*Asks:* 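Submitted below is the structure of interest, expressed as structure tokens.
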Amino acid sequence: MTPKSLKYLLIISLCTVIPLKAIAQIPSWTPPKGKFLSDSIKVGLPVKYALSYRHKATADIFFPDSSYNFAPFELVNRVYFPTTTDINGSLDSVIYTLISFEVSPIQELSLPVYVRAKQDCTRVFAPMDKVILESIISTESNVDTMLLKKDTHLIPIKQQVNVPLILLIFIALAILAALIFWFFGKPIRRQIRLFNFKRRYDDFQKLFQRLSRGTDDAQKRLENIEKAVVLWKKYIERLENKPFTTFTTKEILDNLDDNRLSDALREIDATVYGGVYSNKTIASLRILQELAEGLYLEHRQELALGNQQVVTGN
């Protein structure tokens with residue numbers, strides 16, 4: 001508590017109600033003026049009360065503050081006005097905003113002004129003023145027989161996006177995803193690589209088989225065989241990470257260890273460059289497909305074991 005507040009409380013504690021006879025002995029003291037600014041009041045609604053006091057310019061006075069008991073009212077706020085001084089003395093005033101929850105038909109209030117003397121403090125009350133309570137329900141009405149007013153019309157309310165909630169959900173999902181990736185990141189990446197690896201092999205198989213079946217067409221036979229060989233070289237090139245598309249037949253045989261591959265490539269070269277087509281050509285294409293499948297299974301096993309050097313790109 002501040003020194004100013006202690007001083008104020010000390011002054012208030014010294015105040016006593018002076019009988020009217022004592023007041024009459026001090027003609028310079030006149031009762032303060034206190035008045036409600038409206039004649040009626042409603043329960044729970046604010047009402048204003050003005051309190052003013054004219055006194056000698058040398059006198060010190062105090063108005064009630066929030067520590068005062070305004071019963072049957074409660075203090076909401078107060079507004080002080082600057083002191084004005086003329087030949088008739090000084091005038092101080094304040095307006096209180098009060099509220100009441102009482103249901104008494106007539107509610108009265110009289111507020112004091114504290115005048116500080118040399119040795120003590122005097123409390124001087126304003127004349128009693130009253131307000132009349134306005135009742136919404138007539139006192140002559142029978143409450144039990146009154147009908148309630150119904151209002152069943154729906155009021156449309158515009159839906160609003162709960163941005164904070166959505167943001168929290170996104171943050172929670174991001175944290176959850178980060179935790180999952182932290183603990184299961186390597187297995188997840190391995191499975192993704194295996195999936196892409198198999199998908200690329202399936203695409204190769206479908207296209208290679210379609211080109212192989214296209215050898216039944218005599219007009220496009222050589223073109224389909226040549227496309228099938230180029231497709232096979234590109235796929236093997238990705239698996240082995242070597243430029244098989246630029247290798248000669250001898251270089252391919254040097255890099256791939258398969259006893260059947262030599263006869264198969266010679267048979268295909270004879271068909272493409274010599275125009276000699278036979279059943280051996282179809283068998284040679286089947287050998288190329290089986291070789292690609294074997295390399296796929298070998299690399300897939302290495303990838304499943306965590307070998308990062310296996311080429312899995314599209």
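Small disclaimer: the values here were computed from a predicted structure and weren't measured.
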*Asks:* Got Leu98 and Ile41 here, is their nearest side-chain heavy-atom distance under 4.5 Å?
*Replies:* no

*Asks:* Between Lys250 and Asp254, is there a side-chain N and carboxylate O pair less than 4.0 Å apart?
*Replies:* yes

*Asks:* For Ala292 and Leu239, which heavy atoms make the closest approach, and how far apart are they?
*Replies:* O-CD1, 4.2 Å

*Asks:* More than 12 heavy atoms of other residues, nucleotides or ligands under 6.0 Å from CZ of Phe195: yes or no?
*Replies:* no

*Asks:* Side-chain contact, heavy-atom cut-off 4.5 Å: Leu91 with Ser52?
*Replies:* yes

*Asks:* For Glu240 versus Leu295, what's the shortest heavy-atom pair and its separation?
*Replies:* OE2-CD2, 3.5 Å

*Asks:* Looking only at heavy atoms, which two atoms of Pro46 and Thr97 are closest? And how far apart?
*Replies:* CB-CG2, 3.8 Å

*Asks:* Less than 4.5 Å apart, any side-chain heavy atom of His55 and any of Val115?
*Replies:* no

*Asks:* Sub-3.5 Å donor-acceptor pair from the side chain of Asp60 to the main-chain atoms of Arg116, do we have one?
*Replies:* no

*Asks:* Can you get from Tyr273 to Ile282 by hopping between Ile, Leu, Val, Met, Phe, Trp and Tyr side chains that sit under 4.5 Å apart?
*Replies:* yes

*Asks:* Would you say Arg78 and Tyr80 are linked by a side-chain donor-acceptor pair, where the criterion is simply a distance under 3.5 Å?
*Replies:* yes

*Asks:* Between Tyr296 and Phe197, is a ring pair (Phe, Tyr, Trp, His ring centres under 6.0 Å) present by the stated rule, with each step listed?
*Replies:* CA-CA 9 Å; Tyr296 160 74; Phe197 194 63; 5.3 Å; yes

*Asks:* How long is the straight-line distance from CD1 of Ile180 back to CD1 of Ile175, given to the nearest 0.5 Å?
*Replies:* 12.0 Å

*Asks:* Is it true that Met128 and Ile106 fall in one hydrophobic cluster, defined by side-chain heavy atoms closer than 4.5 Å?
*Replies:* no

*Asks:* Which heavy atom of Asn224 sits nearest a heavy atom of Leu211, and at what distance?
*Replies:* CB-O, 3.6 Å

*Asks:* Under 4.5 Å between side-chain heavy atoms, hopping through other hydrophobics if needed: is there a path connecting Ile192 to Phe181?
*Replies:* no

*Asks:* Other members of the hydrophobic cluster containing Ile166, with the 4.5 Å side-chain heavy-atom rule, please.
*Replies:* Val161, Val163, Phe170

*Asks:* How long is the span from the CD1 atom in Ile188 to the CD atom in Gln191, to the nearest 0.5 Å?
*Replies:* 9.5 Å

*Asks:* Just say parallel, tilted or perpendicular for the rings of Phe208 and Phe204, cut-offs at 30° and 60°.
*Replies:* tilted

*Asks:* Please examine the side chains of Tyr201 and Tyr235, heavy atoms only from C-beta on, and report whether any two atoms are closer than 4.5 Å.
*Replies:* yes

*Asks:* Can you hop from Leu133 to Leu45 via hydrophobic side chains spaced under 4.5 Å?
*Replies:* no

*Asks:* Can you give me the closest heavy-atom contact between Pro72 and Gln107, atom names plus distance?
*Replies:* CG-OE1, 4.2 Å

*Asks:* Quick one: does Thr245's side chain get under 4.5 Å of Val230's, heavy atoms only?
*Replies:* no

*Asks:* Report yes if some heavy atom in the side chain of Gln289 is under 4.5 Å from a heavy atom in the side chain of Gln205; otherwise report no.
*Replies:* yes

*Asks:* Once you round to the nearest 0.5 Å, how far does CZ of Phe101 lie from CD of Glu74?
*Replies:* 6.0 Å

*Asks:* Is any side-chain heavy atom of Phe125 closer than 4.5 Å to one of Leu111?
*Replies:* no

*Asks:* Would you indicate whether the side-chain heavy atoms of Pro32 and Val124 approach each other to under 4.5 Å?
*Replies:* yes

*Asks:* A quick test of your reading: do over 12 heavy atoms of other residues, nucleotides or ligands sit less than 6.0 Å from CG of Asp257?
*Replies:* no

*Asks:* Which distance, rounded to the nearest 0.5 Å, do you find between the CZ of Arg266 and the CG of Leu261?
*Replies:* 9.5 Å

*Asks:* Between Asp39 and Ile132, does a side-chain contact (heavy atoms from CB on, under 4.5 Å) hold up when you go through it step by step?
*Replies:* CA-CA 6 Å; Asp39 297 331; Ile132 299 174; over 6 Å; no

*Asks:* Considering only NZ, NE, NH1 and NH2 on the basic side and carboxylate oxygens on the acidic side, decide whether Lys233 and Glu237 come within less than 4.0 Å.
*Replies:* no

*Asks:* Let me see the working for Leu75 and Tyr68 under side-chain contact (heavy atoms from CB on, under 4.5 Å), right down to the final yes or no.
*Replies:* CA-CA 9 Å; Leu75 178 65; Tyr68 186 80; over 6 Å; no

*Asks:* Please go through Ile95's hydrophobic cluster and name the other residues, only I, L, V, M, F, W, Y counting, with side-chain heavy atoms under 4.5 Å joining them.
*Replies:* Leu37, Val79, Phe81

*Asks:* Which heavy atom of Ala126 sits nearest to which heavy atom of Leu51, and what is that distance?
*Replies:* CB-CD1, 4.0 Å

*Asks:* Go through the steps for Asp86 and Arg54 under the test side-chain contact (heavy atoms from CB on, under 4.5 Å), then give the verdict.
*Replies:* CA-CA 10 Å; Asp86 55 22; Arg54 182 172 292 278; 3.2 Å; yes

*Asks:* Does a sphere of radius 6.0 Å around CZ in Arg210 hold more than 12 heavy atoms from other residues, nucleotides or ligands, not counting ones at 6.0 Å or beyond?
*Replies:* no

*Asks:* Report yes or no: does Glu290 contribute a side-chain atom to a donor-acceptor pair with the main-chain N or O of Ile287 at less than 3.5 Å?
*Replies:* no

*Asks:* Once you round to the nearest 0.5 Å, how far does CG of Leu256 lie from CZ of Phe247?
*Replies:* 9.0 Å

*Asks:* With side-chain contact (heavy atoms from CB on, under 4.5 Å) as the criterion, how do Leu288 and Ile268 come out once you've worked through the C-alpha distance, each side chain's angles and the decisive distance to 0.1 Å?
*Replies:* CA-CA 10 Å; Leu288 295 183; Ile268 292 174; 3.4 Å; yes

